[in-house]
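Here's the structure we're looking at; comments come further down.
Remember, it's a predicted structure, so these values are computed and weren't measured experimentally. Atoms within each ligand, like the ligands themselves, are counted from 1 in listed order.
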Amino acid sequence: MNPSPRPALLLLFLFLLPALIQAGDDPAERLAKAYPGFIKGQQGGDLIWSDGSQMPLDDGRKKTFDQLLDEPDIQDQFTWTYPTGPSSYSPPGFNTDPGRVRYEPLFKKMYGADSGAVQRNLVRVRWMPKSANSTVMITRVNGVDKKLEAVSRELDALPPSIRKYAYPTAGTFNWRPIAGTKRLSTHSFGTAIDLNTKYTDYWKWDKKMAYKNQMPREIVEIFEKHGFIWGGKWYHYDTMHFEYRPELLNP
Ligand SMILES: [Zn+2]
C-alpha cells in the first residue's frame, strides 16, 4: 500500500516553517529588500553587494551595549526590533535603541565615504510648501529625496495643530561625529532630518534622562510609512530625529 502523500506534505511544511518565519528577520534579506539597488543577499556569512563586493555579517563577538554602538558588525544593527503600530509608543526599555547601531562601512558605501562624496548626491527638496515653504538638502541615493517629498506632502495635509511640530526643520546634512564619540552622526549621510526643536526632547538635554515626548503619532506614522525610523523609540530618545532605515521597518 502506498502511504498517503498528505503526511509527507505536512512534514515538509513543518520542516520549512521555521525558515519561512525567520525569512523576514534575516539581516541580509532585510537589507537586500530595503536597498535593492546595492545589496543582493548573502553567501557564506557575507553580505553580497550588487558590484560583487562582500562584507562580513557577523564578527562572532559578544558585545556590551557600548561595544554594540562603537564596534558593531552588520547584524548588530538588528539587535533590537524597531516597534511599529499603536502599541509602540510606550517608553523604550533600558538601553533599547533600535536603529542607533550603525555599521558605518555599509552607509559609507551607499551614500558616500566622505563629506564631499555625500554632498555630490544631495538634492534640494521643498519642505511642506503649504505651511513651512522651506527647502532641505537630502540624498538622492536610494530615492530618499522622493521618500522625503512624499512625507512632506502628507505632513502638509495634517491639521495645523499637528503639522506645526514638523517645521521649521533643524537640519538634514551635516558631516560630523556624534558629540563625545568617534561615531558619525547619521546626518553625515544626508539621510536624516530633525524637526521643530521647540517641541523636542533629547536624552542629552535632560539631566534625569526620564523619557518624554511631544511629537504626535500622526507625524511618526507618516515617516515610518516611507521608510524613516524615529528617535523617539529609543531609550536614548531624540524626538526631533528621523532617519531613512527601511531595513528596520516591516518588510
Ligand atoms: Zn537628528
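Of the angles at the Zn ion (ligand 1), the one spanning NE2 of H187 and ND1 of H241 is 100° when given to 10°.
Between W234 and H241, the ring-plane angle classifies as tilted under the 30° and 60° cut-offs.
Formation of a donor-acceptor pair under 3.5 Å by the T200 side chain with backbone atoms of M240 is found in this model. Under a 3.5 Å cut-off, the side chain of W49 and the backbone N or O of M55 do not form any donor-acceptor pair.
At a cut-off of 2.8 Å, E243 does not coordinate the Zn ion (ligand 1) through any N, O or S atom.
Using a 4.5 Å cut-off between side-chain heavy atoms of Ile, Leu, Val, Met, Phe, Trp and Tyr, with links allowed through other members, F107 and F228 fall into the same hydrophobic cluster.
The nearest N/O/S atom of D194 to the Zn ion (ligand 1) is OD1.
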